[in-house]
Amino acid sequence: ELDLDLSQLMEVITKKHFSDCCFYSEENFGEWEFPLLALDPLDGTREYIAGRPEWALSVGIFENEKFEGEGWITNPVTKEIFSTQTVKPF
């Protein structure tokens with residue numbers, strides 16, 4: 001149920017601070033438009049339940065249907081953050 005709660009919280013935050021973004025979550029999926037904020041609020045549910053530090057929160061912001069944008073994966077337990085950004089051709 002934590003994943004659903006996190007998804008709902010992130011949807012509220014997205015609508016408040018990024019009102020021009022469509023919100024999409026693995027927990028509450030549907031149609032999408034761009035710009036798009038995509039979320040997996042608890043990637044590794046089994047690991048989280050087992051108490052292992054092998055779970056993460058994954059977020060991506062995409063500008064268009066080519067999925068150009070940025071993405072982040074963070075593990076709150078280990079305090080690791082990974083990010084990526086697509087490179088647009090000249």
To the nearest 0.5 Å, how far apart are CD in Glu33 and CG in Asp20?
-> 11.5 Å

Compare every heavy atom of Phe23 with every heavy atom of Ser7, then report the nearest pair and how far apart it is.
-> O-CZ, 3.6 Å

Have a look at Phe34 and tell me which of Glu68, Glu63, Glu65 forms a side chain to side chain contact (heavy atoms under 4.5 Å, CB included) with it.
-> Glu65

If you measure from NZ on Lys15 to SG on Cys22, what distance do you get to the nearest 0.5 Å?
-> 9.0 Å

Regarding Glu80 and Thr78, is there a side-chain donor-to-acceptor distance under 3.5 Å anywhere?
-> yes

Answer yes or no: is there a side-chain heavy-atom contact under 4.5 Å between Leu39 and Leu57?
-> yes

Are Val77 and Tyr48 connected in a single hydrophobic cluster, I mean Ile/Leu/Val/Met/Phe/Trp/Tyr linked by side-chain heavy atoms less than 4.5 Å apart?
-> yes

Does the side chain of Phe82 come within less than 4.5 Å of Asn75's, by heavy atoms?
-> no

Taken to the nearest 0.5 Å, the spacing of Glu11 CD from Leu6 CG works out to 13.0 Å

When rounded to the nearest 0.5 angstrom, what is the spacing between OG1 in Thr45 and CG in Leu2?
-> 8.5 Å

Residues in side-chain hydrogen bond (donor to acceptor under 3.5 Å, both in side chains) with Glu54, at least two apart?
-> Arg52

Do Pro35 and Phe18 come within less than 4.5 Å of each other through their side chains, counting heavy atoms only?
-> no

Check whether any side-chain heavy atom of Leu37 sits under 4.5 Å from a side-chain heavy atom of Phe62, and report yes or no.
-> no

4.5 Å side-chain heavy-atom contact, Asp5 and Leu9 = no

Are the side chains of Trp55 and Leu42 in touch, meaning some heavy atoms are under 4.5 Å apart?
-> yes

So do Phe67 and Thr86 actually touch side chain to side chain, heavy atoms under 4.5 Å?
-> no

Heavy-atom side-chain proximity of Glu70 to Ser83 below 4.5 angstrom | no

